[in-house]
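Counting convention: from 1, in listed order, for ligands and their atoms alike. The figures here come from the full heavy-atom set of this structure, side chains too, leaving out hydrogens, waters and symmetry mates.
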Amino acid sequence: MNIETAALHAGYTPKNSEPRVIPIYQSTTYVFDSTEDVGDVFDDPTKALIYSRFANPTVMAVEDKIAALEGGIAAMCTSSGQMATLMAVLNICGMGDSFISTAQIYGGTMNLFSYTLKRFGIECIFVDAAAGDEELRRAFKPNTKAVFGETLSNPTLAVLDIERFAKIAHENAVPLIVDNTFPSPALCRPIDFGADIVIHSTSKYMDGHALQVGGVIVDAGSFDWGGGKFPGLTEPDPSYHGISYTEKYEKLAYILKARMQLMRDFGGYPAAHSAFLLNLGLETLPVRMERHSANALAAARFLENSDKVESVSYPGLESSAYYELARRYLKSASGVVTFCVKGGKAGAVRFMDSLKLASIHVHVSDIRTCVLHPASSTHRQLTDAQMAASGVDPGMVRLSVGLEHIDDIIADLEKALKAV
Ligand SMILES: *Cc1c(COP(=O)(O)O)cnc(C)c1O
């Protein structure tokens, strides 16, 4: 199926006289005929449903759809993008391990990696997204278990050279985890370029309508966990009567361990109703992404020609340092444009407060145009050095271009720039 078709049909195929639309299975629990049947699913929880802390039919249909969209073999939804990031890392890193991440990442991920995971005894080694091969190779330690990056980084819009990062991760026998939130599978499928695990904040374009917070982990099913670095996957799990995930579930080892162990122990599974809403967003994802990209490119061109604007960063512009990488990896450059208004922080604030159509809200990738000032919001907790390393300038505005008519969007930008 092409992606437009999969967005509508993957994950749920109604049989004779069943509902056309995925039903909402609003139930915490599932009924069994006998005590023995219950015992059997505790031996192998992939056999039937047990409890909605880690599996639910509505959510599972959406998981299958997302796996199809990303070209993975299976997926697991989570209650937020943050939970997806946390579980993707914790599934293979424990106390005393390290992993490598690009420094150009979402502010919340930066906090999680720099502080909270450190308290778990897990070290994050940061490298620049533009680091050369040798610099990247030198960053590895014997205890390094993964490499992490964002396809198109929030908010700095650096494009990850997925094939190069995957190659060097694989040379070191560790997987590449890619956060593909900004392009969505409609514009990039990291697995096609060698990524092993793909995660999303589904709160963004996948939902698209600013309705519910969620996340997902997709497993490509292609990574070989048997090289000796991942005993959590290959050795017996005492919390599951001694099974080895790789022996029992082979290609599904990573994603089933995440569900059977981490989701069981931490919770963090979305409600059926949230998954139902997410599915509505997914149905139109490819169509929406085309228009988001077209509108964003027009807005970026307009901003680039304004004398009130210091600089514009949008990988779809020929002037962008990431233009070539964007052409290689993205069908189009998605809907987010960042730019620096002249006059630094004061200029940015004056511009934002003068907008009428675009709203100020702590969100991005919405069907409605919205703006945010990263330095005083999402990146507020970072030190100046971290902010500089992640590429956030005090005058930077993050513009998330919506699906309004482009003339109305540009008229709003034009008026607000006049006020600067
Ligand atoms: C928003 C975002 C997250 C966090 O997702 P939540 O759903 O808000 O928890 C992670 N990565 C990226 C790139 C994001 O934009």
When you measure from atom 1 (C) of ligand 1 to each heavy atom in Met206, Lys204, His200, His363, which option holds the nearest one? Lys204

For Thr181, counting its heavy atoms only, list the atoms of ligand 1 lying under 4.0 Å from any of them. 12 (C), 13 (C), 15 (O)

Using a 4.0 Å cut-off to any heavy atom of Glu150, which atoms of ligand 1 qualify? 13 (C)

Is the shortest N/O to N/O distance between Asn154 and ligand 1 below 3.5 Å? yes

List the steps and the verdict of ring pair (Phe, Tyr, Trp, His ring centres under 6.0 Å) for Phe230 and Tyr254. CA-CA 10 Å; Phe230 302 99; Tyr254 175 91; 9.0 Å; no

Is it true that Arg137 and Asn172 share a donor-acceptor pair across their side chains at a distance under 3.5 Å? no

Do Tyr249 and Asp44 get their side chains close enough for a donor-acceptor pair, meaning under 3.5 Å? yes

Looking only at distances, can you tell me whether any N or O atom of Gly81, backbone or side chain, sits closer than 3.5 Å to an N or O atom of ligand 1? yes

Need the ligand 1 atom indices (1-based, order shown) with element for anything under 4.0 Å from a heavy-atom of Val213. 7 (O)

May I ask you to list the atoms of ligand 1 that are less than 4.0 angstrom from any heavy atom of Ser203? 6 (P), 7 (O)

Please round to the nearest 0.5 Å and tell me the distance separating atom CD1 of Ile22 and atom CG of Asn279. 3.5 Å

Would you check whether Asp179 has a nitrogen or oxygen atom less than 3.5 angstrom from a nitrogen or oxygen atom of ligand 1? yes

When you measure from atom 8 (O) of ligand 1 to each heavy atom in Pro155, Ala84, Ser153, Ser201, which option holds the nearest one? Ser201

Shortest non-hydrogen contact from Ile410 to Phe302? CG2-CD1, 3.7 Å

Using a strict 4.0 Å cut-off to heavy atoms of Ser80, name the atoms of ligand 1 that fall inside it. 7 (O), 9 (O)

Which of the ligand 1 atoms, numbered from 1, are nearer than 4.0 Å to a heavy atom of Gln82: 4 (C), 5 (O), 6 (P), 9 (O)

For the pair Asp412 and Lys356, evaluate salt bridge (charged side-chain N to carboxylate O under 4.0 Å, His left out) and give the outcome as yes or no after the intermediate values. CA-CA 6 Å; Asp412 193 37; Lys356 292 273 184 290; over 6 Å; no

Do you know which two heavy atoms are closest between Tyr106 and Glu150, and how far apart they sit? N-OE2, 2.7 Å

Would you say the side chains of Gln104 and Asp128 form a donor-acceptor pair under 3.5 Å? yes

Enumerate the atoms of ligand 1 whose separation from the nearest heavy atom of Gly214 is less than 4.0 angstrom. 7 (O)

